[in-house]
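Everything numeric in this text was worked out from a predicted model, so none of it was measured. Numbers here simply count residues along the sequence, with the first being 1.
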Amino acid sequence: MKTFNKSIIAALVLGTTAMSAQANSWENESKDAWIDGKAETVLLMNTNLNNFDINTDVKNGKVVLTGKVDSEIEKELAEELVLSLDGVSDVENSLTVVKNMDTKNTDKDMMDDGDNDLTDAKITTVITTRFLFDSEVGGTDIDVDTDNGIVTLNGSVESEAEKQLAVKIAKNAEDVRDVVDKLSIVAE
């Protein structure tokens with residue numbers, strides 16, 4: 001009888017362990033699907049990228065980007081945008097830069113004349129996206145302008161805490177030299 005009880009207990013423990021592993025697997029898969037949806041959305045919303053040529057795949061929070069972009073800046077921008085999303089642990093950027101002759105000449109001219117403009121556009125896009133995906137910041141009420149790495153925040157927030165968070169998010173973005181805070185607090 002004791003052997004029988006031990007067998008039943010062992011079977012229950014093994015069954016519970018297997019069910020727990022299945023539940024964890026299901027949780028991870030649903031988190032990955034959520035991250036994948038957010039990554040596709042952030043790439044779709046960005047007007048500087050042709051997201052129809054960019055594919056995302058997520059495994060345990062790591063996003064793999066594949067497909068084609070027109071420039072190194074677009075490749076870097078796509079990675080920055082996805083990396084800024086909650087739940088993303090890492091990004092493997094396997095995007096291929098495909099340049100035709102027109103793009104090569106345009107890129108060279110842009111690098112000579114306005115490398116800062118491309119960096120400023122990237123900074124603005126990354127900060128705006130982070131605001132939109134942060135539930136503690138009213139991203140639609142904040143205007144982000146960047147000039148030579150200096151970010152100016154205009155608009156309204158509901159509290160001092162929200163204002164400080166918005167400034168902190170902007171300061172933490174890559175390539176930002178300084179942040180000018182012109183946000184006003186408007187209590188509802």
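We find the NZ-CZ distance between Lys168 and Arg130 to be 12.5 Å, quoted to the nearest 0.5 Å. Rounding to the nearest 0.5 Å places CG of Asp53 at 11.0 Å from OG1 of Thr66. Rounding to the nearest 0.5 Å places CD of Glu80 at 7.0 Å from CD of Glu76. With rounding to the nearest 0.5 angstrom, the OG1 atom of Thr56 is 3.5 Å from the CG atom of Asp36. Here the straight-line distance linking atom CG of Asp178 with atom CG of Asp147 works out to 12.0 Å at 0.5 Å rounding. The distance from the CD1 atom of Ile150 to the CG atom of Asp120 is 9.0 Å, given to the nearest 0.5 Å.
A salt bridge is absent between Glu74 and Lys68; no separation between the charged side-chain nitrogens and carboxylate oxygens falls under 4.0 Å.
Panel note: side chain Asp32, backbone Asn60; a donor-acceptor pair is recorded below 3.5 Å.
Residues Asp181 and Lys163 meet the side-chain proximity criterion, which asks for heavy atoms closer than 4.5 Å.
Val144 belongs to a hydrophobic cluster whose remaining members, ordered by chain and number, are Ile123, Ile127, Phe131, Val137, Ile142, Val151, Leu153, Val157, Leu165, Val167, Ile169, Val176, Val179, Leu183, Ile185; membership requires side-chain heavy atoms of ILVMFWY residues under 4.5 Å apart, directly or through intermediates.
Across all their heavy atoms, Thr125 and Thr129 have their closest contact at O-OG1, 2.7 Å.
When the side chains of ILVMFWY residues are joined at heavy-atom separations under 4.5 Å, either directly or via intervening members, Ile54 and Val97 end up in a single hydrophobic cluster.
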Exercise. Check the pair Val64, Lys59 against side chain to side chain contact (heavy atoms under 4.5 Å, CB included), reporting the backbone distance first and the verdict last.
Key: CA-CA 8 Å; Val64 178; Lys59 181 80 171 169; over 6 Å; no
Quiz item: When you look at Val126 and Leu77, which way does the side chain to side chain contact (heavy atoms under 4.5 Å, CB included) test go after all the steps?
Solution: CA-CA 8 Å; Val126 167; Leu77 176 60; 4.2 Å; yes
Residues 81-95 side chain polar contacts: donor-acceptor under 3.5 Å, at least two apart:
{"unit_1": "Ser84", "atom_1": "OG", "unit_2": "Leu81", "atom_2": "O", "d": "2.7"}
{"unit_1": "Ser89", "atom_1": "OG", "unit_2": "Gly61", "atom_2": "O", "d": "3.3"}
{"unit_1": "Glu92", "atom_1": "OE1", "unit_2": "Lys62", "atom_2": "NZ", "d": "3.3"}
{"unit_1": "Glu92", "atom_1": "OE2", "unit_2": "Ser94", "atom_2": "OG", "d": "3.4"}
{"unit_1": "Asn93", "atom_1": "OD1", "unit_2": "Leu95", "atom_2": "N", "d": "3.1"}
{"unit_1": "Asn93", "atom_1": "ND2", "unit_2": "Lys75", "atom_2": "O", "d": "3.0"}
{"unit_1": "Asn93", "atom_1": "ND2", "unit_2": "Glu79", "atom_2": "OE1", "d": "3.1"}

